[in-house]
**Student:** 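First, the structure itself, so that you have it in front of you.
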Amino acid sequence: MDQFTGFIQNEEYRSISKKSLDLRSSFTSELGTVNSTFFETDTICDNEMVHGVDFKWDISRTTFAIDFDKICKKSEISLLNSLYFAGGTVSLFLGTMAFETFGRRKTALIGGFVGTMGTLIGLFCRSYEFMIAIRLLQGFGNFISYAGTYIWVLEYVPEQYRKYYNTWSMLIWCIGYPLLVCTCYFIHNWHYIHLASALIVSLSYVPVVLLPDSPRFLMSLGKVEEAKKVLTQYSKLAKKPLDLTGVNLVFGESTSKEEGMSTSERIKEIIEHKALLLETLVQWYFWFVSCLLFYFLNYGWGSFGDTPYVNYLFAGLGEAIAYVALMPITSFFGRRKGMIFCLGASCACFLLGMIPWQWSEVWSFERLMSMAAIIGVSCSFALAFLYTNELAPTTHRGLVLSSCSIIARGAAFIGPFVSEIFDSSRVKLGVNAFLAGSAALLTLLLPETRKLAIPEQASDVSSRRKQQGLPEICS
């Protein structure tokens, strides 16, 4: 028996599929009925007549699943994916404290270092247990570094450019899809893929090393002179030098403080300020719904190709379409109505998907509407980053965004499992529609943030709600 050491080539797979179907047809005609599971064409692990006997498997590409004999142990492969999210959840929990205490930039750098080193040591991985540690480190570093850099940059960006920054940051995320495809296509050994990925990722942290924390964050800690220094440096970079000598930079009550609040004080302040508490709870819900629906759906953009590389590119394309569409949506509707539109459109797609219309073996109206809903859900998830950063005050921004991301990671955990609870596709679509519709309705309780300065402290949240005529119960 040949050793199974790599991915099966597409030509071989088609040959296997044809042989398996021919065998099934032959056995059925002679015996009447047979167990079709034995001849299943989309699983190699259960078909011993094909696995490693009739075809040559020895090609140059390897995977850790093959090297560690996990190719047919789906639960152990799924565990690695879950551990990645588990590491991210732990890091985001720590981020609720670190973003406000150590700063967005420093925390992102620490996360970036941990994530990059976690990927780099994959070069030396020789066991499944070692891979478990790697996935935990990757999740821990990547999630907190992305959240930290997003907040860090957003606090620099003027209001009129934030929608462009949000779209651009999400599109840069999508650039990772073709980069990873090219890396895996040209590098056949998975150990060296880890090495190449670590080198590519490390380059993305160069700006974080070179640039300082945002003046807005520094002032929230009472570091007014340091904030002046940063503003002066950037004014020189823009060739419009400013002289801030003798200028008093005001940041509400924080100007008189020597240092910022502790995490416990920030949590207490959220509870005391009912407006901030309500808005945070609503944000938790639409973050949860957006992420749950994404993983809840049975159909996706990553199922069109006949190789893993093409599938991965299509998955990136589906996200890119959503992120590009987000810019005109936020320009026309704003943040609040834009979120309601994205979630409401997804709700409508789920309801329309209940129409029983199938015009081919692959395509049905349910699948078409589910794919359209994925675009709406992806838009709402991308918009959630921008909207949450504009809703939360500077003194609590890291805490609120981290808590929202933790809620989203929980949804990512349970999404695929929840999908298995319901046997009826109509019931699934109905549940999806309810979740999206209820999140859209709750968003009505939130204020609009377009063309407004982002709040600096908790009291600014109540003032903003009063100015927009939102319910007084939140004050």
Side-chain angles (χ1 to χ4, degrees), residues 150-151 153-175 279 282-283 285-291 293-294 297 301 316-353 368-392 397 400-401 404 408 432-433 435-455 460-461 464-471:
Y150 189 97
I151 301 173
V153 176
L154 186 96
E155 290 179 340
Y156 277 112
V157 179
E159 187 283 328
Q160 63 268 31
Y161 299 119
R162 287 183 207 141
K163 62 183 179 182
Y164 303 111
Y165 161 65
N166 187 62
T167 297
W168 179 241
S169 66
M170 296 299 172
L171 287 175
I172 290 177
W173 178 282
C174 291
I175 291 175
E279 292 186 7
V282 173
Q283 290 172 77
Y285 187 67
F286 68 60
W287 274 76
F288 176 82
V289 168
S290 296
C291 200
L293 291 179
F294 187 84
L297 296 173
W301 283 78
L317 176 62
E319 290 190 34
I321 291 173
Y323 301 149
V324 171
L326 185 60
M327 189 179 297
I329 289 174
T330 53
S331 298
F332 184 78
F333 292 107
R335 280 47 154 172
R336 176 172 174 260
K337 293 181 180 178
M339 179 64 73
I340 294 171
F341 173 80
C342 293
L343 290 169
S346 299
C347 176
C349 288
F350 290 131
L351 293 175
L352 289 171
L368 182 63
M369 288 296 97
S370 294
M371 291 183 61
I374 287 179
I375 294 179
V377 169
S378 298
C379 281
S380 68
F381 189 69
L383 180 54
F385 276 93
L386 176 61
Y387 199 19
T388 291
N389 275 279
E390 291 182 338
L391 285 170
R397 189 165 295 120
V400 173
L401 181 65
C404 288
N432 292 348
L435 290 170
S438 59
L441 290 175
L442 283 175
T443 305
L444 291 170
L445 297 173
L446 299 177
E448 177 57 65
T449 58
R450 180 174 58 168
K451 297 182 180 180
L452 295 176
I454 57 178
D460 295 339
V461 175
R464 178 180 58 193
R465 294 185 66 82
K466 289 180 180 179
Q467 291 171 1
Q468 298 189 26
L470 293 171

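All values derive from a computational prediction rather than experimental measurement.
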**Student:** Please find the pair of heavy atoms, one from L351 and one from A433, that lie closest to each other, and give the distance.
**Tutor:** CD2-CB, 3.6 Å
**Student:** About how many Å separate CD1 of I375 and OG of S370, when rounded to the nearest 0.5 Å?
**Tutor:** 12.0 Å
**Student:** Treating R450 as the side-chain partner and S331 as the backbone partner, does any N or O pair qualify as donor plus acceptor under 3.5 Å?
**Tutor:** yes
**Student:** For the residue pair Q283 and T388, confirm or rule out a side-chain donor-acceptor distance under 3.5 Å.
**Tutor:** yes
**Student:** Is there side-chain contact between L343 and T443, with heavy atoms separated by less than 4.5 Å?
**Tutor:** yes
**Student:** Nearest 0.5 Å, please: how far is OG1 in T167 from CG in L326?
**Tutor:** 5.0 Å
**Student:** Search all heavy atoms of C349 against all heavy atoms of A372 and return the closest pair with its distance.
**Tutor:** SG-CB, 3.8 Å
**Student:** Keeping R162 on the side-chain end and L154 on the backbone end, is there a donor-acceptor pair under 3.5 Å?
**Tutor:** no
**Student:** Taking the side chain as C-beta and beyond, is there a heavy-atom pair between S380 and M339 under 4.5 Å?
**Tutor:** yes
**Student:** Measure the acute angle between the ring planes of F381 and F385, then classify it against the limits of 30° and 60° as parallel, tilted or perpendicular.
**Tutor:** perpendicular
**Student:** Side chain to side chain contact (heavy atoms under 4.5 Å, CB included) for S169 and V153? Distances and angles first, verdict last.
**Tutor:** CA-CA 10 Å; S169 66; V153 176; over 6 Å; no
**Student:** Give a yes or no on whether the ring-centroid distance for W173 and Y150 is below 6.0 angstrom.
**Tutor:** no
**Student:** Less than 4.0 Å between a side-chain N and a carboxylate O, is that true for K337 and E448?
**Tutor:** no
**Student:** So, taking the atom named CZ in F286 and the one named OG in S290, what distance separates them when rounded to the nearest 0.5 Å?
**Tutor:** 7.5 Å
**Student:** Which value, rounded to the nearest 0.5 Å, describes the distance between L386 atom CG and Y165 atom OH?
**Tutor:** 9.5 Å
**Student:** Do E279 and R464 sit within salt-bridge range, that is, some charged N less than 4.0 Å from a carboxylate O?
**Tutor:** yes
**Student:** Quick one: do E159 and K451 make a salt bridge, cutoff under 4.0 Å?
**Tutor:** no
**Student:** Going by distance alone, is a donor N or O of one side chain under 3.5 Å from an acceptor N or O of the other, for S438 and Y285?
**Tutor:** yes
**Student:** As an exercise, state the distance from CE of M170 to SG of C379, rounded to the nearest 0.5 Å.
**Tutor:** 10.5 Å
**Student:** If we only count heavy atoms from C-beta on, is the I374 to S378 side-chain gap below 4.5 Å?
**Tutor:** yes
**Student:** Find the distance between CD1 (I454) and OG1 (T449) and round it off to the nearest 0.5 Å.
**Tutor:** 10.0 Å
**Student:** Would a 4.5 Å heavy-atom cut-off, applied to side chains only, mark F350 and M369 as touching?
**Tutor:** no
**Student:** With no hydrogens and no angle check, do the side chains of Y323 and N166 hold a donor and an acceptor under 3.5 Å apart?
**Tutor:** no
**Student:** Using atom types as modelled and distance alone, determine if a side-chain donor or acceptor of S346 lies under 3.5 Å from a backbone N or O of V377.
**Tutor:** yes
**Student:** Can you list everything that forms a side chain to side chain contact (heavy atoms under 4.5 Å, CB included) with A345? Sequence neighbours excluded, please.
**Tutor:** none
**Student:** Step by step, would you call L171 with V324 a side chain to side chain contact (heavy atoms under 4.5 Å, CB included)?
**Tutor:** CA-CA 8 Å; L171 287 175; V324 171; 3.9 Å; yes
**Student:** Check this for me, if you would: do R397 and E155 make a salt bridge, where the nitrogen-to-carboxylate-oxygen distance has to be below 4.0 angstrom?
**Tutor:** yes
**Student:** For the side chain of R336 and the backbone of L446, is there at least one donor-acceptor N/O pair under 3.5 Å apart?
**Tutor:** yes
**Student:** Are any non-hydrogen side-chain atoms of L391 and P447 less than 4.5 angstrom apart?
**Tutor:** yes
